[in-house]
There are 2 protein chains.
Amino acid sequence: MLRARGLPGGRAATAAQALCHGDLTGFTTHGLTNLARLYLPLLDSGRCDPRAEPETVTDTGAAVLLDAHRALGLWAAAEAMDLAVERARTHGLGMVSVRGGTHFGCAGFHALRAVGHGMIGLATANCGHQRLVPPPGGAAPMLGTNPLALASPAGDHPPFTLDMSTTVVPTGRIRAAARAGETIPPGWLTDADGAPVTDPAAYDRGEAQLRWLGGDPEHGAHKGFGLGLLVEVLSALVSGSGVGPQPAAGKTPTARPDDDVGYFLLAVAPSALRSPADVATAATGLFGALLDCPPHRPDEPVRYPGWHEQRRTRERTAHGVSLAPALHAELRAVADAAGLAFPDAVPSGGAV
Amino acid sequence: MLRARGLPGGRAATAAQALCHGDLTGFTTHGLTNLARLYLPLLDSGRCDPRAEPETVTDTGAAVLLDAHRALGLWAAAEAMDLAVERARTHGLGMVSVRGGTHFGCAGFHALRAVGHGMIGLATANCGHQRLVPPPGGAAPMLGTNPLALASPAGDHPPFTLDMSTTVVPTGRIRAAARAGETIPPGWLTDADGAPVTDPAAYDRGEAQLRWLGGDPEHGAHKGFGLGLLVEVLSALVSGSGVGPQPAAGKTPTARPDDDVGYFLLAVAPSALRSPADVATAATGLFGALLDCPPHRPDEPVRYPGWHEQRRTRERTAHGVSLAPALHAELRAVADAAGLAFPDAVPSGGAV
């Protein structure tokens, strides 16, 4: 479907991998559900240019600034991380700062690209000019959910991959609960007076606001807000992309709040600084000791972020991904509209 | 007092600045209270070498690996950030990775050193082999409170400075509450069954454990744990310092769990990538818009991390820092023991 919209084959394939990463790892709010809801509309409205070619604005060797020129973030951020990895091979670390981007999907997908080269990857994105979350004590939303991911080799163990929004949950979790007609735990949303809201549909009715990681001031809301600002600074102040607290006015007349997203992609190569064998031994020791930590409940062994995601990816790659009937129907509809063949549903657990 | 222990004058002055940063900004748990409790005992026991000279292990230009050889972290991390800034001037970013360090005080002090050069500073430290916090679902502590700081220029406004532990609060907050005989909010500590503990003294009795930022799984405890691991990976896996989950066995016979701390210091120079005037305008716009956010309560305007810290620093630099009588007496006692003059207490609010 991405190729039918004009994306070159290799880039369409990378974007499809980035999208499927959500369904394979379990971050389903950032998976195929976003194809018909987010990415195809971005392409069809012209806000995302399927044939965009990122332009190098500045290149210092270890650091590169790119203008993505409205490229699809799913592949543009991946290629930017690959460039950061290339530079880290020479310099010990490499940074690629990107402006003019669009929604890049799972931050963890991009961070993980460094791990295949024995490096640590850090990926952040702001949300362009979108205003979704108020600062602590503020009555108006000012920043996005500003995702951050770090992925690291773990020696003999599955890579460590932290992939998080800096809010308690991303907006996709709220909307998925609303679609499913579920209530949400107190602490995700609050009303104008700060009281908990457990009806997720209140968010899109404008009656509730998302909270920062940490929830309330006593439990670290200023840290969640500060981490959201850390992402804004790294993604937007370095690159010159749009920022949440400032309107998109003065840009192109068709600009939407979520245009002009900024990314920050950093690759760090420990093996450029010390023996690769020592790095691998230390990583195996660190993550192995965590897996060996005595658990609270004998049937729930201790894991670290990324462990379950790798297990799910292996299982789902081998046995297929279960899609909700509504999502399958939605994908079939967009395939039909594009005149493309689409596989019939098979019972859950069947081969695909 | 640091010079009397053998530190060279310039380094003693930097260390004293780092220590006073805590009292000036309001991070009093990391201020002068730690001189007699932490730093002098480190020096007196020989675990910290007052005359240590950090050694360059590897230097790729943009990235440097140092062995601090048990130098006092208060100055060694500051000098490492200064080196990262120097490298960022040429390469657009600079990273200094440090092993063999000791407790570096306020992470924000080190991150802020980049801001004076128009750069963004990121500073993290692990806690050596110390085990203070269990992973979610784990029954044994495995990692430290792993601080992280990011500081950024904010144009015409006070620098943005996020300075945080990756736990709900640092251990110093728990111990300060215990010394003051106060109770703490539920959610900072839990007992072995996960129930909230509000008696801070239970922590040092071994009856309660510190929680990660996010508190419980539904509100993002895996994010707090993941951020703690992010700090561990950047600080220790890159440098080869001690790590929490592995014992110090096999190192020197006198090794203590909080020896061999690792730091990660990163300086990013946006002005190496785009016009310094554009960076300043964007920073003024971003942080100015946050300060202009309509507040919930008219008498509590919206602020961002670092704003109050700069205000306090200016006020206290001009009018003096109030010390609790017990801390003043403690400092006098260590000064007397070193044969050094020490000022008498003056009433709070008086000139010093």
Side-chain angles (χ1 to χ4, degrees), chain A residues 57-58 60-63 65 91-93 95 97 120 134-135 137-140 142 150 152 160 162 164 168 185 187 213-215 218-220 222-223 226-227 229-230 232-234 237-238 240 243 245-246 268 270 272-274 278-279 282-283 285-286 289-290 293-296 300 302 304-305, chain B residues 57-58 60-63 65 91-93 95 97 120 134-135 137-140 142 150 152 160 162 164 168 185 187 213-215 218-220 222-223 226-227 229-230 232-234 237-238 240 243 245-246 268 270 272-274 278-279 282-283 285-286 289-290 293-296 300 302 304-305:
Chain A
V57 180
T58 317
T60 72
L65 173 60
H91 298 280
L93 81 168
M95 171 183 96
S97 172
I120 298 162
M142 299 294 277
L150 184 122
S152 167
F160 161 57
L162 173 67
M164 58 178 269
V168 174
L213 176 64
E218 277 185 340
H219 297 108
H222 65 287
K223 296 184 181 182
L227 288 165
L229 269 174
L230 174 152
E232 194 79 18
V233 161
L234 291 178
L237 197 59
V238 179
V243 294
Q246 292 211 297
V268 176
L273 298 177
R274 63 196 194 95
D278 288 352
V279 175
L286 169 60
L290 286 173
C293 177
H296 252 305
E300 288 183 15
V302 170
Y304 53 82
Chain B
V57 179
T58 316
T60 71
L65 173 61
H91 298 279
L93 81 168
M95 171 182 94
S97 172
I120 298 162
M142 299 295 275
L150 183 121
S152 165
F160 163 57
L162 173 68
M164 58 178 270
V168 176
L213 177 63
E218 277 186 339
H219 297 108
H222 65 286
K223 296 184 181 182
L227 288 165
L229 269 174
L230 173 153
E232 194 79 16
V233 161
L234 291 177
L237 197 61
V238 179
V243 294
Q246 292 210 297
V268 176
L273 298 177
R274 61 196 194 95
D278 287 353
V279 175
L286 169 60
L290 287 172
C293 177
H296 252 305
E300 289 183 13
V302 169
Y304 54 81

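Each chain gets a letter, A, B and so on, in the order its sequence line appears, and its residues count up from 1. All values reported here derive from a predicted model rather than from experimental measurement. Atoms considered below: every heavy atom in the structure, side chains included; atoms not considered: hydrogens, waters and symmetry mates.
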Output the option from [options] having the highest count of non-hydrogen pairs under 4.5 Å with chain B.
| options | result |
| --- | --- |
| A:Lys223, A:Glu232, A:Met164 | A:Lys223 |
| A:His296, A:Glu218, A:Glu300, A:His91 | A:His296 |
| A:Pro134, A:Pro185, A:Gly214, A:Gly215 | A:Pro185 |
| A:Val57, A:Asp278, A:Val302, A:Val279 | A:Val302 |
| A:Gly220, A:Ala272, A:Ala282, A:Gly285 | A:Gly285 |

Counting only non-hydrogen atoms closer than 4.5 Å, does [X] touch chain A with its backbone (N, CA, C, O), its side chain (CB onward), both, or neither?
| X | value |
| --- | --- |
| B:Pro295 | both |
| B:Ile120 | side chain |
| B:Leu234 | side chain |
| B:His222 | backbone |
| B:Phe160 | side chain |
| B:Leu65 | both |

Using a cut-off of under 4.5 Å for heavy-atom pairs, which of [options] has the most such pairs with chain A?
| options | value |
| --- | --- |
| B:Gly187, B:Pro305, B:Ala289, B:Gly137 | B:Gly137 |
| B:Gly92, B:Pro270, B:Ala139 | B:Ala139 |
| B:Ser97, B:Gly61, B:Ser152 | B:Ser152 |

*Just how far is it from atom CG of B:Leu162 to atom CG of B:Leu150, taken to the nearest 0.5 Å?*
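The CG atom of B:Leu150 is 7.0 Å from CG of B:Leu162, to the nearest 0.5 Å.
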*CG on A:Leu229 to CG on B:Leu286, rounded to 0.5 Å*: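 It is 6.5 Å, given to the nearest 0.5 Å.
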What pair of heavy atoms forms the shortest contact from [X] to [Y], and how long is it?
| X | Y | answer |
| --- | --- | --- |
| A:Leu237 | B:Arg274 | O-NH2, 2.9 Å |
| B:Met142 | A:Cys293 | CG-SG, 3.8 Å |
| A:Leu290 | B:Pro135 | CD2-CG, 4.4 Å |

*Step-by-step side chain to side chain contact (heavy atoms under 4.5 Å, CB included) determination, B:Val238 to B:Val233*: CA-CA 7 Å; B:Val238 179; B:Val233 161; 5.5 Å; no
*Between A:Val268 and chain B, which part of the residue has a heavy atom less than 4.5 Å away: side chain, backbone, both or neither?*
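The answer is the side chain of A:Val268.
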_Would you say that B:Leu227 contacts B:Leu213 through its side chain, given a criterion of any heavy-atom pair below 4.5 Å between the two side chains?_
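Yes, side chains in contact.
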